[in-house]
Amino acid sequence: MSAIVPVVVVHGGAGDVALENRARHQDGCMRAAAAGRDVFAQGGSSLDAVQAAVEVLENDPLFNAGTGACLTEAGTLELDASIMRGSDLSCGAVTGLSPYRNPIRIARAVLEDGKHVLYSGDGAIAFATRAGFLPSTLEEMRTDEARQRLELVLQGRASKTWAGGTVGAVACDAQGRVAAATSTGGTVGKALGRVGDSPLVGAGTYADDELGAGSATGNGEAIIRATLTRTACEYLRDGASPEEAAQRVIALLGKRVQGLGGIILVDTRGRSAAAFNTATMTHAIARLGEDVFSAC
Ligand code: ASP
């Protein structure tokens, strides 16, 4: 069997990125994938790689995660993130988190703490405080673009739909150990307390060293009902290639639960795939020692 080349795959959300913005979206994803690859170059783990990649995109106001994330119906930020390690199926997640710059770091701290898997709202803040994270503010993290998008939705001039721009990463190291991470603001104008797929293990994020790892994006409610990332990993168990598994699960998303969205997937041999039934899903792939590939 040939050696596994460590790989990081990143997505910047399923949606419909305007032609003139695609280069910027691809550039963001390429920088994130390269940051994940750098982690491997320095001897880091798959878990470190997906976290590093997601942090780059949380910090980029172009994407719907961290700074620049989309707003609730009340104009506030309720951030969701999750991260999972395939070796022991350990995971950490936060949902309905108030403004913190990098929710994925807090999700990682939840994983490392190990007591619980998912913290919400005030409990997530209390956990973050105990773990030493400093909060940000709405003023610092809410962008004009996010405000304008909410205005359009509230005025009925844009459909109340998901924002696009959710971010995620999956990775496989030279030993076939996988990890996955996803971070988002959710959907534009979402009801207060609405939880999407991104913080939910098996829906938005899944990683298992016996199967592979996936990160999803798109209609959260549909993705939850399809348990999208876990289902894709089960297709890998049945012998499908990542390409086949990704295509099959997106077909299921469309047909069975009428969902729009996408997925990135790696298996434990370092093979990767991206599939979506939206107009675009910006993504990038970085293999150790190779140039970064990206597509929209
Ligand atoms: N899946 C995310 C959610 O429903 C949104 C997205 O991927 O754009 O919260």
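We count ligands from 1, going down the list as the structure has it; atoms in each ligand are counted the same way.
- Checked options C91, S90, S82; the residue passing with V117 is C91 (criterion: side chain to side chain contact (heavy atoms under 4.5 Å, CB included)).
- Of all the atoms in ligand 1, the ones that sit under 4.0 Å from a non-hydrogen atom of T166 are 2 (C), 5 (C), 6 (C), 7 (O), 8 (O).
- In summary, the side chains of T95 and S120 do not present any donor paired with an acceptor at a separation below 3.5 Å, with no hydrogens or angles considered.
- Of all the atoms in ligand 1, the ones that sit under 4.0 Å from a non-hydrogen atom of G220 are 4 (O).
- Between the side chains of T166 and T184, at least one donor N or O lies within less than 3.5 Å of an accepting N or O.
- Near R194, with a cut-off below 4.0 Å to any heavy atom, the atoms of ligand 1 are 3 (C), 4 (O), 9 (O).
- Ligand 1 has no nitrogen or oxygen under 3.5 angstrom from a nitrogen or oxygen of E221.
- For ligand 1 and T217, the ligand atoms under 4.0 Å from any heavy atom of the residue are 6 (C), 7 (O), 8 (O).
- Listed by number with element, the atoms of ligand 1 under 4.0 angstrom from any heavy atom of G186 are 5 (C), 9 (O).
- With ligand atoms numbered from 1 in the order given, ligand 1 contributes 1 (N), 2 (C), 3 (C), 4 (O), 5 (C), 6 (C), 7 (O) to contacts under 4.0 Å with heavy atoms of G218.
- Taking distance alone, with nitrogen or oxygen atoms compared against 3.5 Å, D80 stays at or beyond that limit from ligand 1.
- Any N or O atom pair closer than 3.5 Å counts here, and T187 shares no such pair with ligand 1.
- Side-chain atoms of D173 never come within 3.5 Å of backbone atoms of I4 as a donor-acceptor pair (strictly under, hydrogens ignored).
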(message) Show, in sequence, the C-alpha distance, side-chain angles and deciding distance for T72 and L77, and conclude whether the side-chain contact (heavy atoms from CB on, under 4.5 Å) test is met.
(response) CA-CA 6 Å; T72 67; L77 281 168; over 6 Å; no
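- Using modelled atom types, one side-chain atom of D267 and one backbone atom of G270 make a donor-acceptor pair closer than 3.5 Å.
- No hydrogens or angles considered: nothing links the side chains of E55 and N102 as a donor-acceptor pair under 3.5 Å.
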